[in-house]
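Indexing begins at 1, ligand by ligand and atom by atom, following the structure's order.
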Amino acid sequence: MKISTIKREWWKEGVVYQIYPRSFQDSNGDGIGDLRGIIQRLDYIASLGIDIVWLNPVYQSPNHDNGYDISDYQNIMDDFGSMEDFDEMLEGFHKRGIKVVMDLVVNHSSSEHKWFKESRSSRDNPYRDYYHWWPAENGTPPERWSFFDEEGSAWAFDEKTNAYYLHYFDKTQPDLNWENPKVREEIFDMMHFWFKKGIDGFRMDVITFISKHDGYPTFEGVHGDKMIDVYASGPRLHQYLHEMNREVLQHYDIMTVAEGPGTNLSNIHDLVDEDRQELNMNYHFEHVELGLDARKIVNSDHRNLVKFKKIMSDWATAFDQKGWGTQWHTNHDFPRQVSWFGDDTAEHREQSSKLLSTFLLTMRGTPYYYMGDEIGMTNAKFDSIDDYDDLMTINWYNLTMAEGGDAQKLLESHKLSGRDNARTPFQWDTSENAGFSSAKPWLKVTDNFKEINAAEQENRPDSPLNYFRELTQLRKDNLALIYGAYALLLAEDENIYAYTRTLDDEVILVLLNYSSSSHVAEIPNVLHNGDVLINNFDTLEKVDAGFSLLPWQAVVLKIK
Ligand code: NOJ
């Protein structure tokens with residue numbers, strides 16, 4: 001790869017840090033994180049060396065799905081503060097050279113949005129066509145699967161007008177009708193409102209689902225979560241995104257990233273290639289869903305490193321010529337990186353967490369890093385369904401019970417895979433509620449906060465926190481880690497993940513031992529001599545065949 005031929009962009013070079021505001025920092029003692037809490041922590045965030053913040057939804061919402069059910073797109077949720085707080089926070093980030101990306105949740109709104117209240121009030125209301133309705137006199141609507149519904153169906157019957165409305169997620173999240181030009185216009189206006197305020201981009205929630213198939217046809221043989229691919233192949237998806245680009249996006253210096261369920265290596269270029277004029281980046285789910293069956297039941301592919309490497313490598317090279325990718329391990333919908341991909345026992349937690357961070361920051365594609373991972377926060381592993389807040393776990397638990405299924409098995413799997421694992425309050429220090437709030441937090445603090453917290457790690461040079469800071473600097477100092485070509489070594493090795501990043505005549509070698517025992521990385525002789533750029537241990541053992549790596553050792557070398 002040659003730097004002279006690459007189109008450099010800030011959103012390719014930056015590291016994104018995701019903040020889940022509800023769980024970051026509470027400033028007013030109500031047990032819920034808020035915008036003023038983020039303001040209090042601006043210097044901490046800047047100290048990480050990250051460049052872009054992605055903020056989960058802070059818009060007005062009744063909160064059935066923690067802000068992903070928006071009742072007013074141009075106001076701030078009361079729990080989080082006011083628009084003045086938002087402006088101050090935005091300015092605070094910008095002053096520190098950090099860009100801010102907001103969540104755009106427009107596949108659906110809340111059922112409490114004024115559009116939906118109007119829409120459901122009568123069949124001839126002007127807002128009726130803002131949503132998808134199926135008149136009950138036409139019989140039962142064709143099967144549509146819902147991610148969250150307690151009965152599994154994405155059609156909810158609404159008595160008032162004797163019709164069903166479509167909701168791919170919860171009943172309280174009716175899908176907006178993008179086929180209606182007025183809906184698109186409202187959404188584009190709202191996007192202009194936020195860009196004019198100065199935000200720097202949008203992460204677009206399930207944006208691949210916005211176009212629905214005309215007439216809601218039946219899809220023979222496609223049931224349950226297999227419907228995701230149908231949802232992502234709506235006939236006018238690209239038309240709408242292109243229109244969005246033309247009407248809104250191209251007028252600002254901003255970035256966009258699709259949350260792309262249903263995206264794969266054969267359809268991704270239509271979404272992110274520059275000449276398509278749609279979006280900049282996408283995140284796929286192949287790697288985080290490896291090892292997961294329906295309802296997030298964990299299967300034996302969890303931790304199959306050979307399969308994992310194949311997925312990551314295929315995606316890392318997919319954008320060699322066109323488009324751009326992302327790298328991520330987790331977010332508010334997935335378990336903590338160290339619990340899912342690493343080893344969260346006391347013996348290996350810190351080193352494995354550092355290894356996972358090394359991977360994200362040395363791969364090709366913009367890294368999306370989830371708050372709390374920099375200190376190696378672990379899964380909460382709740383024992384009881386009563387500890388959960390997430391409607392996904394709760395609804396699936398109830399659905400499994402109603403079916404006479406094994407609800408205990410679901411609960412056991414969700415200790416490893418459930419969404420609430422990553423939503424517990426940020427562990428700041430050893431004080432009550434981990435320094436997150438003076439009141440009882442909305443979700444239990446994970447009980448290891450006395451050992452794992454930012455205050456303890458702040459002044460410890462070898463802490464995961466300080467290691468992460470070194471990594472963000474390392475990425476900035478080495479363009480090869482951003483733009484360099486990626487090449488996988490040892491594809492069949494079950495323990496070692498090794499690859500090179502090459503830009504012009506510079507070669508960087510990354511060696512990662514994904515296991516809790518030592519292993520030799522047998523690599524070609526030409527890669528044996530290098531300067532260590534970062535190492536999560538003090539030593540690196542050279543052997544004839546290459547390097548012998550300690551459990552969860554991560555080393556980055558500049559080859560001489
Ligand atoms: C994806 C979001 O990340 C998730 O938290 C939410 O529940 C669904 N989309 C529905 O908006």
Among all the protein's non-hydrogen atoms, which is closest to atom 3 (O) of ligand 1, and how far away is it? D333 OD2, 2.4 Å

Suppose I only count heavy atoms of H332 and a 4.0 Å limit; which atoms of ligand 1 are within that range? 2 (C), 3 (O), 4 (C), 5 (O)

Side-chain donor-acceptor contact under 3.5 Å, N299 with D293: yes

Is the gap between the ring centers of Y370 and W54 under 6.0 Å? no

List ligand 1 atoms under 4.0 Å from F148, heavy atoms only on the residue side. 7 (O)

Residue E9 excluded, over 12 heavy atoms near CD under 6.0 Å: yes

How about Y73 and H113: are their ring centroids closer than 6.0 Å? yes

Within-shell test, R203 vs ligand 1, heavy atom, strictly < 4.0 Å: yes

Could you tell me whether H414 and Y397 have their ring centroids closer than 6.0 angstrom? no

Per-atom contacts, ligand 1 versus R423 - under 4.0 Å to a heavy atom: 5 (O)

If we count only N and O atoms by modelled type, under 3.5 Å, do the side chains of H332 and N56 hold a donor and an acceptor together? yes

Heavy-atom contacts with F169 under 4.0 Å: which atoms of ligand 1 show up? List them by number with element. 8 (C), 10 (C)

State the atoms of ligand 1, each with its element, that fall below the 4.0 Å cut-off from a heavy-atom position in H108. 10 (C), 11 (O)

I need the nearest protein heavy-atom contact for atom 6 (C) of ligand 1: residue, atom name and distance, please. D65 OD2, 3.3 Å

What residue and heavy atom of the protein are closest to atom 9 (N) of ligand 1, and at what distance? D205 OD1, 2.8 Å

Consider ligand 1: state whether an atom of it lies below 4.0 angstrom from any non-hydrogen atom of R419. yes

Examine ligand 1 and decide if any of its atoms is less than 4.0 Å from a heavy atom belonging to F147. no

Does either side chain, that of H132 or that of E179, offer a donor lying less than 3.5 Å from an acceptor on the other one? no

Are the aromatic ring centres of F202 and F195 under 6.0 angstrom apart? yes

